[in-house]
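These notes are about the structure you will find just below.
The structure presented is a predicted model; accordingly, all values stated were derived computationally and were not measured.
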Amino acid sequence: MVEKYFTRTVFEEEDFNEMLYSFNHLDCKVTKSKILASFNKAQIQLITQFANESNLFVNRVDEKTIDDFFKCNLNNGLIVTNMASILPLLYELSRQKMIPYNWVSLLADNKLLIPKKTMKSSTRIAISSRLTELKDSVIDFPGKAYINLVQQLKEMI
């Protein structure tokens, strides 16, 4: 502001009012995250290992695929063996603030998850409904395995 207003050769009342307004008003835009997360290499390795050992997806995944998944940079969504296997992980990541609050929208908008049962990209409503079902029906949701994994991921930061 100093450079903008006090380097002028003429500084009039209109300039003062403009400066005062600029000083007292901050124009900011709240933007929603456009990616799920940007994990480091060790975190991606751990998530990839967990995904493959737990058969989260129909096909084995490599580290690049998992990294692209979390960066919402996949050309084709991942075919999920069972939504009840992947949603607890994403829920716990969200609970621990490792992925943004709008994660369900990001999954749906980017067509990242394709349930094996339907072979169609999951919608926001479908993901939210399934998540609610799981929370209501599973006593220890999201489950110790997911909580432990996310804790390990947090320790790698």
Side-chain angles (χ1 to χ4, degrees), residues 1-4 22-157:
M1 284 182 55
V2 170
E3 286 180 14
K4 183 176 180 180
S22 295
F23 182 77
N24 290 321
H25 293 86
L26 177 62
D27 292 332
C28 70
K29 294 179 182 176
V30 176
T31 57
K32 291 182 179 177
S33 179
K34 302 222 186 287
I35 66 168
L36 285 168
S38 185
F39 290 118
N40 66 40
K41 185 175 171 78
Q43 290 170 315
I44 290 295
Q45 287 173 336
L46 185 60
I47 295 168
T48 303
Q49 179 184 352
F50 181 86
N52 288 326
E53 288 175 359
S54 303
N55 295 314
L56 296 184
F57 306 106
V58 171
N59 300 315
R60 288 186 60 79
V61 290
D62 59 18
E63 291 170 15
K64 182 178 179 348
T65 302
I66 291 296
D67 192 37
D68 285 345
F69 173 81
F70 282 102
K71 289 181 179 170
C72 299
N73 196 29
L74 288 176
N75 292 328
N76 299 308
L78 296 175
I79 301 172
V80 180
T81 306
N82 185 342
M83 291 294 276
S85 299
I86 187 74
L87 290 181
L89 171 60
L90 296 166
Y91 174 78
E92 185 61 16
L93 286 168
S94 174
R95 240 175 36 102
Q96 297 301 322
K97 301 189 182 351
M98 294 186 76
I99 61 175
Y101 70 94
N102 64 328
W103 65 275
V104 171
S105 295
L106 287 169
L107 291 173
D109 293 347
N110 291 288
K111 300 178 181 187
L112 295 175
L113 296 178
I114 302 169
K116 180 181 170 185
K117 188 176 181 180
T118 64
M119 292 304 288
K120 293 181 182 178
S121 297
S122 287
T123 63
R124 275 185 212 117
I125 293 171
I127 295 168
S128 294
S129 295
R130 187 67 175 121
L131 188 60
T132 300
E133 275 177 30
L134 290 169
K135 284 193 230 175
D136 290 345
S137 65
V138 178
I139 294 169
D140 67 341
F141 187 84
K144 289 180 183 174
Y146 300 101
I147 292 169
N148 290 340
L149 174 65
V150 173
Q151 188 59 43
Q152 285 178 324
L153 293 170
K154 284 183 83 167
E155 291 169 3
M156 293 177 163
I157 295 177

Exam field: side chain [X] to backbone [Y], donor-acceptor pair closer than 3.5 Å:
| X | Y | result |
| --- | --- | --- |
| Asp140 | Gly143 | no |
| Asn40 | Met156 | yes |
| Asp67 | Glu63 | no |
| Gln43 | Leu153 | yes |

Beyond-backbone contact of [X] with [Y], side-chain heavy atoms, under 4.5 angstrom:
| X | Y | value |
| --- | --- | --- |
| Arg130 | Leu134 | yes |
| Leu74 | Asn110 | no |
| Leu90 | Ile99 | yes |
| Phe70 | Ile66 | yes |
| Val61 | Asn52 | yes |
| Phe57 | Val80 | yes |

Next item on the list: Sequence neighbours left out, what passes salt bridge (charged side-chain N to carboxylate O under 4.0 Å, His left out) with Lys64? Give chain and number order.
Entry: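 Listed in chain order: Asp68.
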Atom pair [atom1] ([X]) and [atom2] ([Y]), whose distance is rounded to the nearest 0.5 Å:
| X | Y | atom1 | atom2 | value |
| --- | --- | --- | --- | --- |
| Lys116 | Asn82 | NZ | CG | 9.5 Å |
| Ser128 | Leu87 | OG | CG | 9.5 Å |
| Asn102 | Leu107 | CG | CG | 9.5 Å |
| Ile147 | Leu89 | CD1 | CG | 11.5 Å |
| Lys144 | Gln151 | NZ | CD | 14.5 Å |
| Leu131 | Tyr91 | CG | OH | 7.0 Å |

What heavy-atom pair brings [X] and [Y] nearest, and what distance separates the two atoms?
| X | Y | value |
| --- | --- | --- |
| Leu113 | Met83 | CD1-CE, 4.0 Å |
| Ser121 | Lys111 | OG-CB, 3.4 Å |
| Ser122 | Ile127 | CB-CG1, 3.6 Å |
| Ser94 | Pro100 | OG-O, 4.2 Å |
| Cys72 | Leu112 | SG-CD1, 3.9 Å |

Next item on the list: Mark yes when over 12 heavy atoms from residues, nucleotides or ligands other than Lys135 sit less than 6.0 Å from its NZ; otherwise mark no.
Entry: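 Correct, the count exceeds 12.
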Notebook entry, point to check: Near Ile125 CD1, under 6.0 Å, is it more than 12 heavy atoms from other residues, nucleotides or ligands?
Noted result: no
Next item on the list: Identify whether the distance between the nearest side-chain nitrogen and carboxylate oxygen of Arg124 and Asp109 falls below 4.0 Å.
Entry: yes
Note to self: Any donor-acceptor pair under 3.5 Å linking the side-chain atoms of Gln45 with those of Gln49?
What the structure shows: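 The criterion, which ignores hydrogens and geometry beyond distance, is not satisfied for Gln45 and Gln49.
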Note to self: Taking the ring of Phe141 and the ring of Tyr146, is the distance between their centroids below 6.0 Å?
What the structure shows: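 Centroid distance Tyr146-Phe141: not below 6.0 Å, so no.
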